[in-house]
Amino acid sequence: MRWSLALAQVVAERMRWSLALAQVVAVLVMWIGGASGVFPINVCPCSKRSLCQPLPAKLQFQVQVLVFDHGGTDYQHYDWSKITAVVLGDRFSKEILCAAHEHNARVIMRGTTMPQGFVNHHRRQIWINRNLGFVKTLHMDGIYLEMRDIIKSGTMDQESLTLLINETAKAFHSEIGGSQIIIDVPWSPHCRDDRCYDYAAIGSSCDFLVVMSFDMQSQMWDECFAKANAPYDHTYTGLSAYINLGIDSGKLVMGVPWYGYDYPCKHFFEPGRCKLEPVPFRGAPCSSEVAKKIPYKDIMQELPKSFTGRYWDDNYKSPFFVYKANNTYHEVWYDDPESISLKSTIMKKLKLGGIGVWFGTDLNYSFNPTAAMQTEDMWNALCPIRKKWRVGTI
Ligand SMILES: *[C@@H]1O[C@H](CO)[C@@H](O)[C@H](O)[C@H]1NC(C)=O
Ligand SMILES: *[C@@H]1O[C@H](CO)[C@@H](O)[C@H](O)[C@H]1NC(C)=O
Ligand SMILES: *[C@@H]1O[C@H](CO)[C@@H](O)[C@H](O)[C@H]1NC(C)=O
């Protein structure tokens, strides 16, 4: 059975354990153990004791490069010279902890929020103490909060979420000097997917807001056609809208996808005109929910099988192609080094704090020379001016 950090937290909460935190963590570590986890509490699992120290507050980077990991051993092949922090997936990994610290990159735990439970101060404190305990015991450098909940404007939920983040930041910063509190937010602040948070207030408390500049077709209100996952213009206007709310642009991190969408066409007219079966999502009549998300490494395997080859849509500034399988046409929209390096230039234009990629594990890290080149190009697209980001200001 594969237990996730988040699940373990929920279970612990449900059972209302009154055990000391260390015991909870001991159980947690057993759960998340399996192939990669088990080590006794308070014993450093890395080769050097120093690798179990969170990175110091004075170690700061001019630009953040966050990589979202999704498990497995791909991390061994990451371009660590570019990474400033890695956000763990569902499972804690001592191997990633040691590798990241060895490369002066922070390790961030993924947490989830349950806003309905946070209306009172006491519940928030329990949640904060538990998460802070996990992060400290497992030698990590911060927490990333993934918020997927529907929150309406002006409600108690909205207010308690703001308080939760304010209090979390306070507790983490005082206990772990260089720690980072990172919050994810939708590509645009205008209540996308019914996620209405008080972004300005959240932005003033946390270290970074990661704007998820992708999955932009979850709600299609007009035509029901296959479209780009992360159009350039939407990326730009979405990020600008956060800045217009008064959020310091240096706290904004632009999230870019290393995956795309494979849309089955209900009617295929011509490349770029793939009509979809309407699947509603949160009130919108049509959605990318009808498509399958596929990692870049699989897209690169599919591309040679397409009858169109790679097309470029100049409106979305994204590539796509069409293939046919089982008598159905499929249109695949994705991002590649060209579309990502175009988006990377937005970082400079808007003076953003950095860039984040979903997921580090979406590339092909085999020794095949073609795959290796495709993978290297994707890493390089994160910094188009061919200069290493990681100029530390120590
Ligand atoms: C957190 O909330 C307190 C009290 O409302 C406020 O004074 C403080 O500025 C907030 N902290 C941040 C970092 O926004
Ligand atoms: C085509 O159909 C076969 C058999 O039903 C299935 O295994 C395969 O995944 C389908 N291919 C695509 C691309 O949908
Ligand atoms: C990586 O690329 C090589 C060459 O294109 C291919 O043979 C292999 O199946 C790919 N591996 C993955 C995991 O996609």
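Atoms within each ligand, like the ligands themselves, are counted from 1 in listed order. Residue numbers start at 1 and run along the sequence shown. These numbers were taken from a predicted model, which means no experiment stands behind them.
- Of the listed options D362, N364, D74, N364 places a heavy atom closest to atom 14 (O) of ligand 3.
- Of the listed residues (K297, M300, Q301), the one carrying the non-hydrogen atom nearest atom 5 (O) of ligand 3 is Q301.
- Aromatic ring centroids of Y311 and F320 lie under 6.0 Å apart.
- Shown here, atom 2 (O) of ligand 3 is in close reach of the protein: a heavy atom of it lies under 4.0 Å off.
- Considering all non-hydrogen atoms of both residues, W333 and N229 come closest at CB-N, 4.4 Å.
- More than 12 non-hydrogen atoms from other residues, nucleotides or ligands lie less than 6.0 angstrom from NE2 of H173.
- Here the side chain of T308 pairs a donor or acceptor atom with the backbone of V322 at under 3.5 angstrom.
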